[in-house]
Amino acid sequence: AMLRLRLAEGSLSQALKQEGYDFAESVTVEKRFQCMNDPQVCSLDERCEVERVLAKAFLEFNGDMEGEYFPMPSSNSYPPKPGGMTEEQELALLGDGLVLGTADATGRGVFSTAKGNLLVLVNDGCHLKIISKQDGSPSQEVSLRAKFMEQALCDAVRQDGYDFA
C-alpha cells in the first residue's frame with residue numbers, strides 16, 4: 001500500500017510539473033566538524049569554537065549570501081552581539097518557521113541571508129544545519145542554494161584548519 005501511495009505521489013508530482021507547477025520543499029543539509037563532539041555532548045569551548053569559525057565565515061559572505069548572524073537570546077559568546085538576538089529578531093525567525101528552544105544558548109545561533117531564503121543553524125542538533133527555503137524559486141535553485149552554502153562553509157572551515165566529517 002505504501003508503494004502505491006509513493007507511486008501516486010510521484011505521478012501527481014509529475015502531472016503538476018507538466019502543467020507548469022513547480023514545488024520544492026526546503027532543502028536541509030547537516031554537517032559536523034571532524035574531531036569535535038556533537039553539540040549536545042561537546043565542551044563549551046568546542047561549541048564556542050564552532051560558532052567562532054562559522055560566524056567568521058558568515059561575515060565574509062556577500063551578494064546573495066550576505067546576511068546576519070544572530071546568537072541565541074542571552075548568549076554572550078559572540079562579542080559583536082552581547083546578550084544575543086533581540087526579542088524582535090527572535091520573533092522574526094520564529095515567523096520563518098524555526099524552532100529555537102535550547103536550554104543553553106552559549107555558542108548557538110542562526111545565520112540568515114538578507115533575503116531570508118537561506119538559514120544556517122549553529123550548534124543545534126549538529127554543528128551546522130543549512131536550510132534552503134522554498135521561496136517560489138524553481139526546485140533546482142533551492143537545492144543549488146544549499147549546495148553553494150555548503151561549499152562556501154566547507155572552504156571557510158578548511159581555512160581555519162578544520163574539516164567536515
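Quick caveat: nothing in here was measured; it's all calculated off a predicted structure.
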Student: Under the side chain to side chain donor-acceptor pair (under 3.5 Å) rule, what do Q151 and D155 come out as? Steps first, then yes or no, please.
Tutor: CA-CA 6 Å; Q151 188 59 55; D155 293 344; 2.8 Å; yes
Student: Assess the residue pair L118 and M65 against the criterion (side-chain contact (heavy atoms from CB on, under 4.5 Å)); give the C-alpha distance rounded to whole Å, side-chain angles, the decisive distance to 0.1 Å, and a yes or no.
Tutor: CA-CA 8 Å; L118 193 56; M65 301 275 285; 4.0 Å; yes
Student: V122 and M72: side-chain contact (heavy atoms from CB on, under 4.5 Å), yes or no, with the steps?
Tutor: CA-CA 10 Å; V122 175; M72 289 301 204; over 6 Å; no
Student: Among R32, Q34, R47, whose side chain to side chain contact (heavy atoms under 4.5 Å, CB included) with H127 holds?
Tutor: R32
Student: Using only heavy-atom distances, determine whether the side chains of D135 and S137 contain a donor-acceptor pair under 3.5 Å.
Tutor: yes
Student: Determine whether a donor-acceptor pair (N or O, by modelled atom type, separation under 3.5 Å) exists between the side chain of Q89 and the backbone of T86.
Tutor: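 Yes: the side chain of Q89 pairs with the backbone of T86.
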Student: Indicate yes or no: does E150 engage K147 in a salt bridge with an N to O separation below 4.0 Å.
Tutor: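 No salt bridge links E150 with K147.
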Student: State the CD-CZ distance between E49 and F33, to the nearest 0.5 angstrom.
Tutor: 8.0 Å
Student: Measure the CG-OG1 distance between N123 and T106 for me, rounded to the nearest 0.5 Å.
Tutor: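 Separation between the atoms: 10.5 Å.
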Student: Report the C-alpha distance between C154 and D163 in whole Å, list the side-chain angles of each, state the deciding distance to 0.1 Å, and finish with yes or no for side-chain contact (heavy atoms from CB on, under 4.5 Å).
Tutor: CA-CA 7 Å; C154 184; D163 206 347; 4.2 Å; yes
Student: Counting C-beta onward and ignoring hydrogens, is there a side-chain heavy-atom pair between K81 and E68 closer than 4.5 Å?
Tutor: yes
Student: In Å and rounded to the nearest 0.5 Å, what is the NZ to CG distance from K31 to L54?
Tutor: 12.5 Å
Student: Quick one: SG on C126 to CG on L121, what's the gap to the nearest 0.5 Å?
Tutor: 8.5 Å
Student: Could you tell me whether K56 and E51 make a salt bridge, using a distance below 4.0 angstrom between a side-chain N and a carboxylate O?
Tutor: no
Student: Using modelled atom types only, decide if a donor and an acceptor are shared between the side chain of S132 and the backbone of V142 within a distance under 3.5 Å.
Tutor: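 Confirmed, S132 side chain pairs with V142 backbone.
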Student: Evaluate the side-chain proximity of M36 to V50: yes if any heavy-atom separation is below 4.5 Å, no if none is.
Tutor: yes
Student: If you take all heavy atoms of A105 and P73, which pair is closest and at what distance?
Tutor: CB-O, 3.3 Å
Student: Run the numbers on Y69 and F111 for ring-ring contact (aromatic ring centres under 6.0 Å, His included), then give the verdict.
Tutor: CA-CA 4 Å; Y69 178 66; F111 171 79; 7.7 Å; no
Student: Any donor-acceptor pair under 3.5 Å linking the side-chain atoms of Q134 with those of S26?
Tutor: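 No - no donor-acceptor pair under 3.5 Å links their side chains.
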Student: Checking side-chain contact (heavy atoms from CB on, under 4.5 Å) for the pair D104/L44: CA distance, chi angles, key distance, verdict?
Tutor: CA-CA 10 Å; D104 185 3; L44 188 60; 4.2 Å; yes
Student: Answer yes when D124 and R108 have at least one side-chain N-carboxylate O distance shorter than 4.0 Å, and no when they do not.
Tutor: no
Student: Do the side chain of N76 and the main chain of G83 share a donor and acceptor less than 3.5 angstrom apart?
Tutor: yes
Student: Can you tell me how far CG of L128 sits from CD of E30, rounded to the nearest 0.5 angstrom?
Tutor: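 Between atom CD of E30 and atom CG of L128 there are 9.0 Å.
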Student: Answer whether the closest heavy-atom distance between the side chains of F61 and M149 falls below 4.5 Å.
Tutor: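 Yes, close enough: below the 4.5 Å cut-off.
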Student: NZ/K133 to OG/S112 distance, rounded to the nearest 0.5 angstrom?
Tutor: 7.0 Å
Student: Is it the case that over 12 heavy atoms from other parts of the model lie below 6.0 angstrom from the CZ atom of F148?
Tutor: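 12 or below, so no.
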Student: Regarding D64 and R145, does a basic nitrogen lie under 4.0 Å from an acidic carboxylate oxygen?
Tutor: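 Judged by the 4.0 Å cut-off on N to carboxylate O distance, D64 and R145 do not form a salt bridge.
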Student: Would you say T28 and I130 make side-chain contact, with heavy atoms under 4.5 Å?
Tutor: no
